[in-house]
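Remarks on the structure that follows.
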Protein chains: 2
Amino acid sequence: MNAPTPLPLGHSKAPSATRGVADRLRQAIISMEFPPGTRLSEGEIATRYDVSRQPVREALISLSRIGLVQVLPQRGTIVTRISTRHMMQVRIAREALESAIVQRACERFDPVIRGSIDAILETQARAACEGDYMTITAADSQFHAALATGADCEMIWQMVLDVKAHMDRVRHLTLQDRDSMRILVEQHRAIVDAIDQRDPEKADHAMRHHLMEILRDLPRVLAERADYFE
Amino acid sequence: MNAPTPLPLGHSKAPSATRGVADRLRQAIISMEFPPGTRLSEGEIATRYDVSRQPVREALISLSRIGLVQVLPQRGTIVTRISTRHMMQVRIAREALESAIVQRACERFDPVIRGSIDAILETQARAACEGDYMTITAADSQFHAALATGADCEMIWQMVLDVKAHMDRVRHLTLQDRDSMRILVEQHRAIVDAIDQRDPEKADHAMRHHLMEILRDLPRVLAERADYFE
DNA sequence: CCTCTTGATCTACCATACAAGTCCATACTA
DNA sequence: TAGTATGGACTTGTATGGTAGATCAAGAGG
């Protein structure tokens, strides 16, 4: 235990059962296949995904750390209900983190990644015209990830991913029309422009404005689906 | 699985074996009992703490999510080495989050918690005069936690705790003299003053100034203990 | 009608056994 | 000697059985 051996690290992209279950569960929760309040059971999920209970259990531990599920000892596991108080903090946290990312991006930004962003935005713009929801959201995630990576903030992006999961879940409830999709792309362009101009204040403002809009329709959903909230 | 039963939640303060191992391991890593690069083994830790491998394994999963350990599939688990690049991102993230907390505190702050802060600062000031390192750090954690709680940002505080672990580990390497301890208390007072005056800009500046100092001695440690870094 | 007890039935938790991949020292081969 | 198999001693990953605690419904007693 005490030997500080080198143990060279070959990076881990292990497609383990635990990770597989975690990813599938995470996606199922975000996409509302398992709506808030759904009662999960280690055994049932194990049967459904054809694995043992142990990987399921470990996946649930990861998800409970993010806050997507609540594990109640000896009682059960439920998909976390949406709380406006919690969502408020989620928004604040993501704004703070992503604002910090773009501000750092104004100081230094990997030119190679900068080049790839144009392609992402173009893909997203085309998808917006066609109303392709899946491509839109995928490109959105790629865009924000590229910002973080280009600014050398990959670890911060991991933190953003956790809070992002909560926002993605409510976004699934607010159906997006094509106009708001086009606005989304415009906002992305504004962020990139600010970074190109090395204007931290402008970038900060553009990012916060962009993120603010995501939870705009939260009150309406609250009225329609009160059972999803706590 | 699909029944959205109420399942009333009695808050979980479960003193499970997993949590116990996780807390002890976390403390051992932060306090440098297990220095960076230490090779951990599920089996050895299980024997040492007199539990089965499973709780140890689940504890390591939690710690790996924080980034305190690295689990290399089929190869081993090591205490994460300190990386200046990673610490830079840690600092940025914590500054962003805690800055957001104090700015929100300027908008609204629980008066009861505001009252308790004075006692915390007084305790810390006394400990600073006596050079009581343990009490200082405990009060420091209480202070920042009180800020978050009073500003209704408890969930954000959980995120801060994760990045804070990395900074606490570095701080354990930089021995603190009594002068820097007194400065610490002064900086805390400045933050509270800014909140009392409802001055977000001042609070933001005070918090960032406070956090900046923690990693001031990082380069010196890097020179002294290169084996702790990657 | 209300309160309490009891037992069946769930749950997550933990321990143990097994499987599979990695590393390394040793021995064998060219 | 240098290079290459090879087998054993690790490691983490997965499966399964058993245990304690929580819930709830039915029934006894007031």
Side-chain angles (χ1 to χ4, degrees), chain A residues 1-25 29 34 37-80, chain B residues 1-25 34 37-65 67-80:
Chain A
M1 169 125 60
N2 296 333
T5 47
L7 196 64
L9 56 97
H11 238 72
S12 55
K13 281 294 177 186
S16 64
T18 298
R19 171 165 291 273
V21 173
D23 289 343
R24 294 181 68 173
L25 270 181
I29 292 173
F34 292 156
T38 303
R39 210 151 167 297
L40 302 176
S41 162
E42 293 181 357
E44 283 188 47
I45 299 177
T47 305
R48 171 188 284 237
Y49 291 162
D50 195 43
V51 293
S52 141
R53 297 198 324 265
Q54 211 55 43
V56 175
R57 175 173 171 74
E58 295 175 0
L60 287 178
I61 290 177
S62 293
L63 292 180
S64 75
R65 269 201 68 84
I66 303 177
L68 288 181
V69 303
Q70 282 177 299
V71 178
L72 310 175
Q74 323 289 7
R75 300 198 336 165
T77 304
I78 63 172
V79 178
T80 307
Chain B
M1 170 126 58
N2 296 334
T5 48
L7 198 63
L9 56 96
H11 235 74
S12 53
K13 281 295 177 187
S16 64
T18 298
R19 172 164 289 271
V21 173
D23 288 343
R24 294 180 68 173
L25 270 181
F34 293 155
T38 304
R39 207 150 168 294
L40 302 177
S41 161
E42 294 179 357
E44 282 189 47
I45 299 177
T47 306
R48 171 188 286 237
Y49 291 164
D50 195 42
V51 291
S52 149
R53 255 189 63 209
Q54 215 53 44
V56 174
R57 176 173 171 74
E58 294 172 3
L60 287 177
I61 290 177
S62 292
L63 293 180
S64 75
R65 271 202 66 84
L68 288 181
V69 303
Q70 282 178 298
V71 178
L72 310 175
Q74 325 288 13
R75 300 178 47 182
T77 305
I78 63 171
V79 178
T80 307

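Chain naming here is simple, since letters A, B, ... match the order of the sequence lines and numbering starts at 1 in each.
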Nearest to the side chain of A/R39, heavy atoms from C-beta on, is which of C/dA12, D/dG13, C/dT11? C/dT11

B/E44 CD - D/dT12 C1' separation (whole Å): 14 Å

Tell me the interatomic distance from B/R57, atom CZ, to D/dT14, atom P, rounded to whole angstroms. 7 Å

For the residue pair B/R39 and B/R75, what are the closest heavy atoms and their distance? NH2-O, 3.3 Å

Rounded to the nearest Å, what distance is computed from the CD1 atom of residue A/I78 to the P atom of nucleotide D/dA22? 17 Å

Sort out for me which residue in B/I45, B/T47, B/T18 forms a side-chain contact (heavy atoms from CB on, under 4.5 Å) with B/V56. B/I45

What's the closest nucleotide to the B/T77 side chain, out of D/dG13, D/dT12, C/dC13? D/dT12

Exercise: identify the closest heavy-atom pair between B/I61 and A/S62: CG2-OG, 3.9 Å

Between D/dT11, D/dT14, D/dA22, which nucleotide gets closest to the side-chain atoms of A/T18? D/dT14

Per A/S41 side chain, nearest of listed nucleotides D/dT11, C/dA12, C/dC13: C/dA12

Begin from the C-alpha positions of A/Q70 and A/T80 and carry the test side-chain hydrogen bond (donor to acceptor under 3.5 Å, both in side chains) through to its verdict. CA-CA 6 Å; A/Q70 282 177 299; A/T80 307; 4.5 Å; no

Please confirm whether the backbone N or O of B/G67 pairs with a side-chain atom of B/S64, one donor and one acceptor, at under 3.5 Å? no

Compare every heavy atom of B/S52 with every heavy atom of B/A46, then report the nearest pair and how far apart it is. CB-O, 3.6 Å

Strictly below 4.0 Å, heavy-atom distances to any atom of DNA chain D: list the hits from residues 59-68 of chain A, or just say none. none

What is the separation between atom CZ on B/R75 and atom C1' on C/dC24, rounded to the nearest whole Å? 13 Å

When you get a sec, tell me which of C/dA15, C/dC13, D/dG13 is the closest nucleotide to the side chain of B/S16? C/dC13

Specify the separation, in whole Å, of atom CD of B/E58 and atom P of C/dC13. 8 Å

From C-beta outward on B/S52, which listed nucleotide comes closest to its side chain: C/dA12, D/dG13, C/dC14? C/dC14

In B/L68, B/L40, B/V21, the residue satisfying side-chain contact (heavy atoms from CB on, under 4.5 Å) with B/L60 is B/L40

Whole-Å gap separating P (C/dC10) and CG (A/L40): 17 Å

Expressed as a whole number of angstroms, how long is the span from B/E42:CD to C/dT16:P? 15 Å

The answer to which of A/Q74 and A/Q54 contacts DNA chain C further toward the 5' end, by nearest nucleotide, is A/Q74

If you check every side-chain atom of A/R53, which of C/dC14, D/dG13, C/dT11 has the closest atom? C/dC14

